[in-house]
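Notes for the one structure printed next.
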Protein chains: 2
Amino acid sequence: MSEADRPGARRPGGRTARTRAAVVRATLDELAERGFTDMTVEGVAARSGVHRTTVYRRWGGVPELVADALGAAADDDWRPADTGDVEEDLRRIALDVVHGFTTAPDRAVPAAAISAAFHADRAAEALRGFFAERHRRCAEVVARGVERGQLPVGTDPAEVVRTAVAPIYYRLFVSREPVDAGTAARAAAAAVAAARAGALPAQG
Amino acid sequence: MSEADRPGARRPGGRTARTRAAVVRATLDELAERGFTDMTVEGVAARSGVHRTTVYRRWGGVPELVADALGAAADDDWRPADTGDVEEDLRRIALDVVHGFTTAPDRAVPAAAISAAFHADRAAEALRGFFAERHRRCAEVVARGVERGQLPVGTDPAEVVRTAVAPIYYRLFVSREPVDAGTAARAAAAAVAAARAGALPAQG
DNA sequence: AGACTAACGCGACTGGAGTGGCCTTAGCGG
DNA sequence: CCGCTAAGGCCACTCCAGTCGCGTTAGTCT
């Protein structure tokens, strides 16, 4: 559900949608090439063929551009794998996170989104929405685990997901320590162990 | 071990140290008053009575100022409590984190440090050093728990600490969800449960 | 005490971010 | 097919972050 697709928008298709697409694409490219800190509205405008003023009017600044790009990137059909084992499913989710921030071609985008959320409320809201949706999708993995009897009834699905990925983000952006596949596996194992022990109940 | 105290520094005491102290103090004040995003070198210079040029020369920019302020703030004598129970000790550590980012008078400082690390390598290094030291101090809590037989031998102390605090940082700065005392208690309980299950071994 | 030099103060300058007014274009309606 | 209006283009302007060169001050060392 992007801005230009909204039913209430005055000019749903046509020029408005084209400029937005061009700017979003340019934002992603600039982000990958120069990074969030060195990125500039001027550069995005030049690359997209849209005038600076238009970008300032419709978005407002770099953090908002990143927020919109995140929203566009979130409109994917990503789904967690279903291997039949909760811990394996969670490990794959955690591995996706590690790859998304270390080896993925557009790895600068999610990091920039987290950084942008410090600078603009709109970016923070976009981030909140993005992760709410991710938690929703990943919760199915935990729900399946409960159905299979691998996790106790009453386990909070989203909390298990948070526990499984939080250490990765913590190392990446807080303690600034290296992350690898082992980090992901360990975090997933810890989340499952905690859930099995009943330490992650709903409504806690 | 701050810059001005270093044995190799050319001018250990005197004007250099005074300027640095004034600038660090001004940085903390500006941070609390205007926040990281709206903070400016101009403001810090004016408040400290030091010229803009000097600040640019010795630090380089806002992120470096924040990094130095973090370094100064890290020179405290904070120690985790010793209640005789690992989970209670960890819960108190987690509670300190929650308070430090939500209700503490200088709560803007640590958040700014995390944000600054996205913008300057020097800030990222300062952050890394800060958390390495924190992990070191908090590891004692886990070590005591192992000695008491509350946690299995071979548990990785730092990893338990990371697991206990990571969900808080995750909610604060990644998923942008609210945090409270319950968040801290839950995270500490999950960390202990995972450690008890042997999911957080050393050298993993 | 006096020279030496690192560090600071100062003002001028540059470049780019961000804004406002005005005109043009393109999509939508009748 | 033709007006209507939202959105974009264009240009000029302001303002502030950051830099440079030079003069001055204050520790340090003999």
Side-chain angles (χ1 to χ4, degrees), chain A residues 2-27 30-31 34-68 116 119-123, chain B residues 2-27 30-31 34-68 112 115-116 119-123:
Chain A
S2 56
E3 188 183 333
D5 300 338
R6 252 201 319 247
R10 306 299 300 263
R11 300 280 166 92
R15 188 165 59 164
T16 300
R18 280 201 306 276
T19 44
R20 177 170 184 267
V23 169
V24 167
R25 165 60 61 97
T27 300
E30 281 282 297
L31 219 43
R34 311 176 66 172
F36 176 70
T37 303
D38 296 331
M39 180 180 158
T40 168
V41 173
E42 177 90 25
V44 172
R47 189 186 288 259
S48 66
V50 171
H51 204 80
R52 291 203 328 276
T53 324
T54 302
V55 178
Y56 279 116
R57 275 200 277 256
R58 279 192 55 181
W59 282 270
V62 171
E64 290 85 356
L65 281 172
V66 174
D68 199 14
H119 297 10
D121 290 344
R122 209 181 308 174
Chain B
S2 56
E3 188 182 334
D5 300 338
R6 241 189 341 233
R10 308 298 301 265
R11 301 280 166 90
R15 188 165 60 162
T16 299
R18 281 200 307 275
T19 327
R20 178 169 183 269
V23 169
V24 167
R25 164 59 61 98
T27 300
E30 281 281 297
L31 220 43
R34 311 176 72 175
F36 176 69
T37 303
D38 296 331
M39 179 180 160
T40 168
V41 172
E42 178 90 26
V44 172
R47 190 187 287 261
S48 65
V50 171
H51 203 79
R52 290 203 327 276
T53 324
T54 302
V55 178
Y56 279 115
R57 274 200 278 254
R58 280 191 54 180
W59 283 271
V62 170
E64 290 86 356
L65 281 173
V66 173
D68 199 14
S115 180
H119 299 354
D121 291 344
R122 209 181 309 172

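All heavy atoms count here, side chains included; hydrogens, waters and symmetry mates do not. Order of the sequence lines fixes the chain letters, A, B, ..., with proteins taken first and strands second; residue numbering starts at 1 for each chain.
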Atom pairs, N/O to N/O, protein against nucleotides 10-12 of chain D, distance under 3.5 Å?
residue	atom	partner	partner atom	Å
dC10(D)	N4	Thr53(A)	OG1	3.2
dC11(D)	N4	Thr53(A)	OG1	3.3

Ala120(A) to Pro63(A) - nearest heavy-atom pair and separation: CB-CB, 3.5 Å
In numerical order, the residues of residues 39-49 of chain B whose heavy atoms come under 4.0 Å of DNA chain C are Gly49(B)
Minimum heavy-atom separation for Thr19(A) and Thr16(A), please, with both atom names. OG1-O, 2.7 Å
State which residues pass side-chain contact (heavy atoms from CB on, under 4.5 Å) with Ser115(B); sequence neighbours excluded, sorted by chain then number. Phe118(A), His119(A), Phe36(B)
Terminal axes of the helix from dA1(C)-dT30(D) to dG30(C)-dC1(D) (5 end pairs apiece), angle rounded to 10 degrees, sit apart by 30°
Residue-phosphate contact under 4.0 Å: Tyr56(B) side-chain N/O, dT19(D) OP1/OP2: no
Which whole-number value in Å describes the distance from Trp59(A) CH2 to dA7(D) P? 12 Å
Taking all atoms of both residues into account, what is the closest heavy-atom pair of Ala26(A) and Ser48(A), and its distance? CB-CB, 3.6 Å
Among dG9(C), dG27(D), dC8(C), find the nucleotide with the atom closest to the side chain of Val50(B). dG9(C)
Rounded to whole Å, please give me the gap between CD in Glu30(A) and C1' in dA17(C). 15 Å
How about Val44(B) and Leu65(B): do any of their side-chain heavy atoms sit closer than 4.5 Å? yes
Do Thr27(B) and Met39(B) have side chains that approach each other closer than 4.5 Å (heavy atoms only, starting at C-beta)? yes
Are there any protein N/O atoms within less than 3.5 Å of an N/O atom in nucleotides 23-25 of chain C, and if so, which ones and at what distance?
residue	atom	partner	partner atom	Å
dT25(C)	O2	Arg15(A)	NH2	3.2

Mind calculating the distance between CD (Glu64(A)) and C1' (dG18(C)) to the nearest angstrom? 13 Å
State, to 0.1 Å, how close Arg122(B) and Arg58(B) come at their nearest heavy-atom pair, and which atoms those are. NH1-O, 4.2 Å
Spacing of Arg34(A) atom CZ and Thr40(A) atom OG1 [to the nearest 0.5 Å]: 6.0 Å
Residue pairs passing the salt bridge (charged side-chain N to carboxylate O under 4.0 Å, His left out) test with at least one member in residues 39-50 of chain A, sequence neighbours excluded, are Glu30(A)-Arg47(A), Glu33(A)-Arg47(A), Glu42(A)-Arg52(A)
Quick one: are Trp59(B) and Val41(B) in side-chain contact, heavy atoms under 4.5 Å? no
